There are 2 protein chains.
Amino acid sequence: MGQASATIRDVAREASVSVASVSRALNGHSSVHPETRARVVAAAEALGYVPHAGARSLSLARSHAIGVILPDLHGEFFSEIVRGMDREVNARGYHLLLSNMHADASLAAQAMRSMRGRVDGLIVMAPQLDAAGLDAALPKGVPAVLVNSHDGIGRASFRIDNGAGIIASVAHLAALGRRRIVHVAGPAGNIDARERSEAYHAAMAAHAPGIAPIVIEGDFHEQSGADAVAMLRSMDATFDAIVAANDMMALGVLRGLREAGMDVPGTVAVTGFDDIPLARYLGLTTVRVPLAEIGARAVGRLVDALEGGDLSPDTLTVATELVVRGTTALSPGTP
Amino acid sequence: MGQASATIRDVAREASVSVASVSRALNGHSSVHPETRARVVAAAEALGYVPHAGARSLSLARSHAIGVILPDLHGEFFSEIVRGMDREVNARGYHLLLSNMHADASLAAQAMRSMRGRVDGLIVMAPQLDAAGLDAALPKGVPAVLVNSHDGIGRASFRIDNGAGIIASVAHLAALGRRRIVHVAGPAGNIDARERSEAYHAAMAAHAPGIAPIVIEGDFHEQSGADAVAMLRSMDATFDAIVAANDMMALGVLRGLREAGMDVPGTVAVTGFDDIPLARYLGLTTVRVPLAEIGARAVGRLVDALEGGDLSPDTLTVATELVVRGTTALSPGTP
DNA sequence: CCAGCCTGTGTAACCGGTTACAGGAAAGCG
DNA sequence: CGCTTTCCTGTAACCGGTTACACAGGCTGG
């Protein structure tokens, strides 16, 4: 029925004790007479009493919830990270409050503010915000762990080793004899995109000296990968490899190449970044990022800080690993 | 620094008014003198005041959060549903509190109880719980919408039209001339799995009379699809089509067939269920379920109930659609 | 026999908001 | 000018828990 749930006072009345005793009994305090505890437990059981988490957290100043701010739930990149968080949060007895924040910086600030008093800490993924915007948006009192965001603002954070991943990709392609390597970059302003792009230039200088780097800007979504191929063809560019800044765009690139009748990896080799689950199925050579693990570690670090120690403002860099699959196979046609 | 956030009383002091006026001014009540409102807003701004959502929801008895209970965040099935929810929840000004509940029924009840006082309503996906277990686990006072769960316990719910989907798949295969159709089922106890399995039997009776149906039980994960193929081979079964109860298992089936050197769709045609994003990339014929839309509609219905009307205990059935792709192509080799 | 301690319990303040109700000041009206 | 009405504001109770502090009663020890 629509009857209101029992409160602690109802239980107290039913058990003929004070609310203090009910609270102590149910929270396992030691200074409660066994007989009293039994009466309280029986009364709570009889009334189907469940403590009101909101009231509890107001009084304790702990909600046992952590907020997750992320730009997009689309695609496997963030899903995987959230999955890792969920796993860890479950193990630690916390809850996850999701909030996805669309690109705009003031909306981002808005999203974070709306979490005050709802969560004990924040995990923020905001690759599209610059350092100043991020700093302004973060509420002052709340512990936060940044993931994939501009750091250097004195906050705990995790960063992917973007440079090493791209450099490994380019080196791998160079080892296969490819030199005319194109980069399909992520959106300007995105920190990961920028680092990957810079690494591409550095790697080209090292492995393909004398060859002009070509960068086409995409937006991390699949379609922009296909668009990039179309653009390359309309430019009459010659290329024998494409390094995409993430897997989704690499998939678009593959589609674009297939539609253009260009053989992969025979004519053009392709690499991605992230190693989302899809990549394995499609045989895409890519840079593995332990996404779920990053999520779990971010939660772990935050919860540790909430429970005991303090949050050191270090940036932890997460190693990546090149995973070679069919799209850069040595002999063409080997999928 | 670590200084505590400003409370409404701090703002009141700063603006030299009472807390009541601060509350009224900030919440857009009309009966506040413009001059007072300005002073309050200025003070709030100066102190960086952000209302404490927990306190607010305690007093209003509304948290503007809705809890989502789901069995697993792994795979694209639930990710897609959550994505749809997130979209809708954002539009409606609510938050999403995730909680994934592992198979056990008492843990499920535990998970739901822990949400009392934290959320205004619940969306529950519990295909593995039977009606009694579900009814016992659901807290009494909280409005809830069931998705993909046993219904018939007088709760608002959404169900996928499993029967129609499987029947369409079998009919499609029969139209291609396949008769020896095997079903790789989901885990026993799962309501979707059972309905799909029953529909398979009915469809076989209709489209392949005289042919003994073969069912291999899987667990909805990829590996069990591959295992099913191995089992079929060890049984020396003859078959020319496999209807998997979901896409992940269909992917496993494809892998198993490839490893066994059996041509798809030449020798064996394969269908899945759900149309997760992966299916499109791999050319898997499958039954499309509008996952994101289901999530969004579940949220919509719940929020409508929370804000105004009541929650009618109807079960809404969501239509599916057969999507034909390469794994059941007419001529073999056409991917 | 009484001071002092220990155990178990109750009273009431508090967490940070919202809001019913009361009341003061200014304005309208006869 | 006195009275009602209107507008604005403040006081305090409340949401449902937790817990500092007070205290009653039974023991122990001198």
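Quick note on labels: first sequence line is chain A, next is B, and so on, each numbered from 1. Because the structure is a prediction, the values reported are computed rather than measured.
Where B:G54 and B:S21 each meet DNA chain C at their nearest nucleotide, the meeting point lying more 5' is that of B:G54. Along DNA chain D, the nucleotide closest to B:S59 and the one closest to A:S59 are compared, and the more 5′ of them pairs with B:S59.
To the nearest 0.5 angstrom, A:E293 atom CD is 12.0 Å from A:E80 atom CD.
Between the P atom of C:dG16 and the CG atom of B:L60 lies a distance of 16 Å, rounded to the nearest Å. Spacing between atom CD1 of A:I8 and atom P of C:dC14 amounts to 19 Å, rounded to whole angstrom units. Taking atom CZ of A:R9 as the reference point, atom C1' of D:dA13 lies 12 Å away to the nearest angstrom. Rounding to whole angstrom units, CG of residue B:D10 and P of C:dC15 are separated by 11 Å. Put simply, CZ on B:R56 is 17 Å from P on D:dG16, counting in whole angstrom units. In this structure, A:H64 places its NE2 atom 13 Å from C1' of D:dT18, rounding to the nearest Å.
Judged as a side chain to side chain donor-acceptor pair (under 3.5 Å), and not counting sequence neighbours, the contacts of B:S63 are B:D120. Judged as a salt bridge (Lys or Arg N to Asp or Glu O under 4.0 Å), and not counting sequence neighbours, B:R116 has no contacts.
Among pairs with a residue in residues 24-41 of chain A, those fulfilling salt bridge (Lys or Arg N to Asp or Glu O under 4.0 Å) read A:E35-A:R39, at least two apart in sequence or across chains.
Between A:S18 and the phosphate of C:dG10, there is a side-chain N or O to OP1/OP2 separation shorter than 4.0 Å. Applying the 4.0 Å criterion to OP1 and OP2 of C:dC15, one finds that A:S57 has every side-chain N and O outside that range. For A:R118, no side-chain nitrogen or oxygen approaches OP1 or OP2 of C:dG17 to under 4.0 Å.
Counting non-hydrogen atoms under 4.0 angstrom, A:R62 reaches nothing in the nucleic acid. When heavy atoms are screened at a 4.0 angstrom cut-off, B:L58 is found touching base atoms of the nucleic acid. Among the atoms of the strands shown, base atoms are found under 4.0 Å from some heavy atom of A:S23. Note on A:A20: a base of the nucleic acid sits closer than 4.0 angstrom, heavy atoms only.
With respect to B:R83 and B:D86, no salt bridge is recorded, no charged nitrogen being found less than 4.0 Å from a carboxylate O.
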Enumerate, atom names and distances included, each donor-acceptor pair closer than 3.5 Å involving a side-chain atom of residues 129-138 of chain B, sequence neighbours excluded.
{"residue": "B:D130", "atom": "OD1", "partner": "B:A132", "partner atom": "N", "Å": "3.4"}
{"residue": "B:D130", "atom": "OD1", "partner": "B:G133", "partner atom": "N", "Å": "2.7"}

For a quick test of your reading: what N or O donor-acceptor pairs under 3.5 Å do the side chains of residues 89-97 of chain B make, sequence neighbours left out?
{"residue": "B:N90", "atom": "ND2", "partner": "A:H102", "partner atom": "NE2", "Å": "3.0"}
{"residue": "B:R92", "atom": "NE", "partner": "B:E88", "partner atom": "OE2", "Å": "3.3"}
{"residue": "B:R92", "atom": "NH1", "partner": "B:D304", "partner atom": "OD1", "Å": "3.4"}
{"residue": "B:R92", "atom": "NH2", "partner": "B:D304", "partner atom": "OD1", "Å": "2.9"}
{"residue": "B:Y94", "atom": "OH", "partner": "B:R62", "partner atom": "NH2", "Å": "2.8"}
{"residue": "B:Y94", "atom": "OH", "partner": "B:E307", "partner atom": "OE2", "Å": "2.9"}
{"residue": "B:H95", "atom": "NE2", "partner": "A:S114", "partner atom": "OG", "Å": "3.4"}

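Near-neighbour residues of DNA chain D inside residues 24-52 of chain B, defined by a heavy atom below 4.0 Å, number-ordered: B:R24, B:S31, B:V32, B:H33, B:T36.
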